[in-house]
Structures are given as structure tokens and as C-alpha cells.
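Below, chains carry the letters A, B, ... as their sequence lines are ordered, and counting in each starts from 1.
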Amino acid sequence: MRFPTKPSRTITTLRLSPTLELPPDTTIRRVAEQSCLALLQSCNSFNKLTQIQTLILKLGLRNNPLVLTKFASTSSELDAIHYASSFVFSSDADIRVFDTFLFNTVIRAYAQTGDSKDKAVYSYRTMLDYGVFPNKFTYPFVLKSCAGLARLNLGKSVHASVVKFGFDDDLHVQNTMIHMYCCCDEGVESARKVFDESPKLDSVTWSAMIGGYARLGHSADAIALFREMQVKGVHPDEITMVSVLSACTNLGALELGKWIESYVKREKLQQPVELCNALVDMFAKCGDVDKAMKLFRQMNDRTIVSWTSVIVGLAMHGRGEEAVSLFEEMIEAGVTPDDVAFIGLLSACSHSGLVETGRYYFNTMVKKFSIMPKIEHYGCMVDLLSRAGLVKEALDFVQQMPIEPNQIIWRSIITACHARGELKLGESITKRLIRNEPMHGSNYVLLSNIYAKLLHWEKKTKVREMMDMKGMKKVPGSTMIELNNEMYEFVAGDKSHHQYREIYEMVDEMGREMKRAGYVPTTSQVLLDIDEEDKEDSLNRHSEKLAIAFALINTAPGTPIRFVKNLRVCEDCHSATKFISKIYNREIVVRDRNRFHHFKNGLCSCGDFW
DNA sequence: TTAGGGTTAG
């Protein structure tokens, strides 16, 4: 909320006399009090607020709770509220007689403003210290601030006072509590507990929990809960759909995503811009970027999020030039890019090898749009240079950065070293990373990969032992695939699926056909110190190959195959998938950790550049 | 005189 733009007549005629003194007559005092309240009622600028403050001091109303309360609640603008609240709290008045509303106003102002969430919580604690009782309106503000701060213990302590003051049966408070827990990394169980114990549940409760699951990466639980919601007969609304769509996006569940789209149409749900954005994002990230683009073109209202979603979508599919031209179109349409849009644009340049374009936009961002580059922007630039094979330039760039490079940045360079055969350089950077962060598992994996490529098996074994000793594990690679609206997950060597025998037979057949077509296994990818034949066997049991075999068995010839990998696709699987796309005449769309690969007729859209 | 769940990157 902002001040009204139209100036108020009452205030513009205000004149302050430096010699004004009020006689100690109560009637006159009351008139003064009423006048102040009226002035505050029509106060419309920060400047006038300070004038009224002077008047309050002059009229001797410094400790009048009614006036002070009104003063503090005049505006929702942060500067004004901050100013007013410090004036109020520094008064000699007995704060205990202040209304709860005053504190709620202050807490709300802080809760709704960017970086002031901690002040909201502080004001809430001040409220308790002064013995002013919170009410049912206080907690949604406080819990929202805890959500923004994402501090679980803080949230738990507020939860305890909610119970203590008896507001835990209020539906609004319950729902905000679920939301709060869902904003904390380790909060999902506490959220579910509140959800399960709620005597009343409405669509907001369900949406909060579904959205929370999706946000915290428990997307399968999000979808399961959505199904439960339908079974219980609770009607989802458009906000529920946004949450479910975000879970579909995470999982790569295109079929379910399409179902949501038709549900929205069938049930004639409202389609606010957030829902359209979620649909665009879902289609782009589930592999159908053309459909995402089509929806984007049909939208009447577009926010920066809409533009960014589709730019990022194109970037992920390696369509960097289109992403760049869309960015230009956005600027022409009068939408000012923000820091996130630039991350999307720079990553588009990076995935498509547009080195000069990326450099140009990095400079434009700083010079023309005055956006201070964050670590992510530097990360994109380092990635851009590294992927293009400019390892030395990337290192120079890192040395000139005004901020400390993070893990992600070093890892880009190390990956580039690995790909370009600069193994010695890669080794020395990785060793330094391990010295700095000895408990970060992925550093050891990087070093181990480099030794594998150098064929230094002894050193590799040592790295492995070191990881075992420290109790660290490599994140296992997994592949998810959707079939008949169900998601199936495969890990390497997986035998949990009931069709596993058929799947392995198919894998063997694929191997024979591929070899006949000229495929040579990339055995240096295998990180185990075993002989070549076993290495080949181990490659054939990668989760991607199991998923492809599963899809070949269970889908009609010619049906496109789509799946999602949790890690970057490995060199051998990339090469094998190209062969498979040709041999079995299938379009195969793979989303890996970073981007999409569209395999068709023996070629990949990434041009072997990823 | 005040209140709850939603979209982009990392």
C-alpha cells in the first residue's frame, strides 16, 4: 500500500506556529487530540507526517496513546512506519495501554517489506515484552516473517506461543503455519504434522501443503496429496493448480501437466498470470518448449516472470538465439529486465556458445540497467567461457571478480578442464577446493573423475577411501520416466521393477544393435578399477539405458520417449542415446540437471556441446 | 481496524 497521490487539502492548509502553547484546559486538549487524529487520517506524505509529529510535540500530546497509535498506523510505507514506530517506542507513554492493533500495524509493515522480516519478529517480541497481547491477526504477519527468514527454530518458538495464546485452532493461523514450515529446509515434517492435526482443512490448507512439498523437492508427495485432495472431494482452485504444476515441472511429468491444463479449462477456473506462467514453465521444462512459446504468445498479461520463464525454457533447449531475440522483444515491449532475467539470458548464451553476445549483455546489465552482478551472474560468465573451452579466460575472469568465487564457479572450470584435457590444472584446482571444504563430497567425485581419465587408478582408489573414511557418498544417478500418468524411477543396476528381466534383455539387445551400428563404449567414464568388459557391462546398467529399454518395451513404435535425469547425462549414455534414436527410430527428449537434449535420427540438439 | 496458499534463477 502506498500513500494516495492526491494531496489532501486539510494538510496543505496546516500552519505551525512556533509559539503555540495550549492552556491546561481539558476541552481544548481534547480538541487538539481530535485535530491531530483528523490530520493523521488525511496524512498523505512522509513530509507531512513529520510536520504532524512536530505538532504533536508542540501540543504536548507526546504521550497520548490514541494519537501515537494513529501516528504509527498512518502509513504502510516502510520508512514512515519505521520512523513512526521508533518515535512511538521512544516515548514515555506506558506502552501497555497501546492497542494490539498498533503492534500489528508495525509488524505487518515490516513483514511485507523486503529485508525487514527480522524487524517484524523483533517488534513481535517487543510486544510480548511489554505485556501487550497478540490476537489472531498478529500471527499470520509474524509467521510470514518467519517463513521469509526460513529459520526453523524461530518458527518453532513462534508456533509454541501460538499454542500458548490459544490461536492454534484458527484456520488462517494454521495455514500460515504450514506455509512457514514449508519455507524452512527441514520443516516438511512439522508442516505435515500441523496439516494432519488440523481439525478443519480448506483449499488453502491443501494448497499450502502441496505447494510446500513441491518447494522442498518432495514433488511425488505433492502429487500424491493432490490426488488425496480429489478423493476427499475438496475442490482445488487455481492456486492449488499452480502448486501442482510446479510439482509436475520438477518431476518432468508432462502428461499430468497436460491433464492439469485441461482440468483448468474444463472446470472453468480463473487463469491469473501466475497460473499461465506456471503452465509456460511446465511445458518448457517438461520438454515441449514450442507449446510453452505458443501459450506465452496467447497470454494477455505478461509479467517479467512470464518473459523470464520462456527465455529460460529456450535456453534449456539450446535455442540461445531465440532466447536473445525474445529478450530484446521484451525490452521493446517496455518490460525492464531484472537480475533473474539476466541470469536466464546469460545461461542461454552459455548453453548455445554465444560468447560475445554473453559478454555484451553482461556489460549492458551493469552499464545500461545498473544491475549489480551477483555471484550467479559471474557464475554464468565463467560457465560461458568454460563451456566454450576458454579455460584460461575463465580463470582470468575469476581472478578479476570483485566477489569470492563459490563452489559452482570452480566446478564449471574443473568440468571444462576435464572436457578439454587440462587434467593437471583440474587436479590442482580440485585439490585446493578439497583443502578449503573437506566435507564437500562433490569435490572428491571431481578429483576421482580426473584420475579415472588419467588412468591413475591407485590415486583414484585413495580418493574413494578418503570419501569412505569421511562417510561421504556420491549422489546416485537416477532417471525418471512417465508412463500412463505414473512416474517410474530407475537407478543404476536397478532390479526393483517387476519387468526387470525384460528390461535387461532389451538392454542387451540395444547393446548388440548399437555395436553393429558402430557404437564404441566410452569406458573411461566408468569410475571403477575393473577390466574393460566389466566396464562395458557397468555402462549398460546406467539408469538412462534402463529407462530407455523400459520405454521401448512399453510404448508403441515411433512414440517419442521423454525422461529426466537428476545429474548431467554421461558421455557414454549421450553417445548411446544418439545411436538408439536412429536404430529404433525414436525421438528421445532428455532433461538432465542442466539442460535438454533432443535426440533424433542419430543426432542431438546440443551438438555434443553440454 | 488488521489475516492464510501461487509463477522465473540459484
Legend entry - Nearest-angstrom distance from the residue atom CE of A:M365 to P of B:dA9: 17 Å
Legend entry - Check: A:S145/A:Y124 side-chain N/O donor and acceptor closer than 3.5 Å: no
Inset, instruction - Can you figure out which of B:dA9, B:dG5, B:dT7 approaches the side chain of A:A278 most closely? - result: B:dT7
Legend entry - Between B:dT8 (C1') and A:M316 (CE): distance, integer Å: 12 Å
Inset, instruction - With heavy atoms under 4.0 Å as the rule, sort A:T240 into base, sugar-phosphate or nothing. - result: base
Inset, instruction - Figure out the CE/C1' separation between A:M180 and B:dA3, and round it to whole Å. - result: 16 Å
Inset, instruction - Please work out if A:D281 contacts a base, only the sugar-phosphate, or nothing of the nucleic acid, heavy-atom cut-off 4.0 Å. - result: sugar-phosphate
Inset, instruction - Would you check if there is a donor-acceptor pair between the side chains of A:D383 and A:S350 at a distance under 3.5 Å? - result: yes
Legend entry - Pairs meeting criterion salt bridge (charged side-chain N to carboxylate O under 4.0 Å, His left out) with involvement of residues 327-344 of chain A, two or more places apart: A:R297-A:E329, A:D339-A:K374
Inset, instruction - Would you mind telling me which of B:dT2, B:dG5, B:dT8 lies closest to the side-chain atoms of A:H179? - result: B:dG5
Inset, instruction - Identify, residue by residue, the members of residues 320-346 of chain A with a heavy atom below 4.0 Å from DNA chain B, and return them in order of residue number, or none. - result: A:V340, A:I343
Legend entry - From B:dA3, B:dT1, B:dG5, nucleotide with atom closest to A:D170 side chain: B:dA3
Inset, instruction - Give the rounded distance in Å between these two atoms: CG of A:L269 and P of B:dG5. - result: 19 Å
Inset, instruction - Output yes when a side-chain donor or acceptor of A:S246 lies under 3.5 Å from a complementary backbone atom of A:A214, and no otherwise. - result: no
Legend entry - Residues which pass salt bridge (charged side-chain N to carboxylate O under 4.0 Å, His left out) with A:E322, listed by chain and number, not counting sequence neighbours: A:R319
Inset, instruction - Kindly say if A:R215 contacts the phosphate of B:dT7, meaning a side-chain N or O under 4.0 Å from OP1 or OP2. - result: no
Legend entry - Closest listed nucleotide, where the reference is the side chain of A:R108 and the choices are B:dG6, B:dT2, B:dT7: B:dT2
Inset, instruction - Check every atom of B:dG10, B:dT2, B:dG6 against the side chain of A:I408 and return the nucleotide holding the closest atom. - result: B:dG10
Inset, instruction - Scan residues 250-264 of chain A for pairs that pass salt bridge (charged side-chain N to carboxylate O under 4.0 Å, His left out), counting only residues two or more places apart or in two chains. - result: A:E255-A:K258, A:E261-A:K265, A:E261-A:K291
Inset, instruction - Measure from CE on A:M229 to P on B:dG5 and round the result to the nearest Å. - result: 15 Å
Inset, instruction - Would you mind classifying the nucleic acid contact of A:L171 as base, sugar-phosphate or nothing, using non-hydrogen atoms under 4.0 angstrom? - result: base
Legend entry - base_contact_polar (B:dG5 base, A:D237 side chain, donor-acceptor, <3.5 Å): yes
Inset, instruction - Determine the contact category for A:S203: base if any of its heavy atoms lies under 4.0 Å from a base atom, sugar-phosphate if only primed atoms, P, OP1 or OP2 are that close, otherwise nothing. - result: base
Inset, instruction - Indicate, with a heavy-atom threshold strictly under 4.0 Å, whether A:K144 touches base, sugar-phosphate, or nothing. - result: sugar-phosphate
Legend entry - Among B:dG6, B:dT7, B:dA3, the one nearest A:S243 by side-chain distance: B:dG6
Inset, instruction - Grab the CZ-P distance between A:R302 and B:dT8 for me, whole Å please. - result: 18 Å
Legend entry - Residue pairs fulfilling ring pair (Phe, Tyr, Trp, His ring centres under 6.0 Å) with at least one residue in residues 182-209 of chain A, sequence neighbours excluded: A:F195-A:W206
Legend entry - Proximity to the side chain of A:I239 - top-ranked nucleotide from B:dG5, B:dA3, B:dT8: B:dG5
Inset, instruction - Round to the nearest Å and state the distance from A:M209 atom CE to B:dG6 atom C1'. - result: 16 Å
Inset, instruction - Report the distance from atom CD1 of A:I311 to atom P of B:dG10, rounded to the nearest whole Å. - result: 14 Å
Legend entry - OP1 or OP2 of B:dG5 under 4.0 Å from side-chain N/O of A:H172: no
Inset, instruction - Decide, yes or no, whether a salt bridge links A:R192 with A:D196 under the criterion of side-chain N to carboxylate O below 4.0 Å. - result: yes
Legend entry - Nearest to side-chain heavy atoms of A:D99, which nucleotide of B:dT1, B:dG6, B:dA3: B:dT1
Inset, instruction - For residues 359-373 of chain A, pull every pair meeting salt bridge (charged side-chain N to carboxylate O under 4.0 Å, His left out), keeping only residues two or more places apart or in separate chains. - result: A:E356-A:R359
Legend entry - Per A:K285 side chain, nearest of listed nucleotides B:dA9, B:dT2, B:dG5: B:dA9
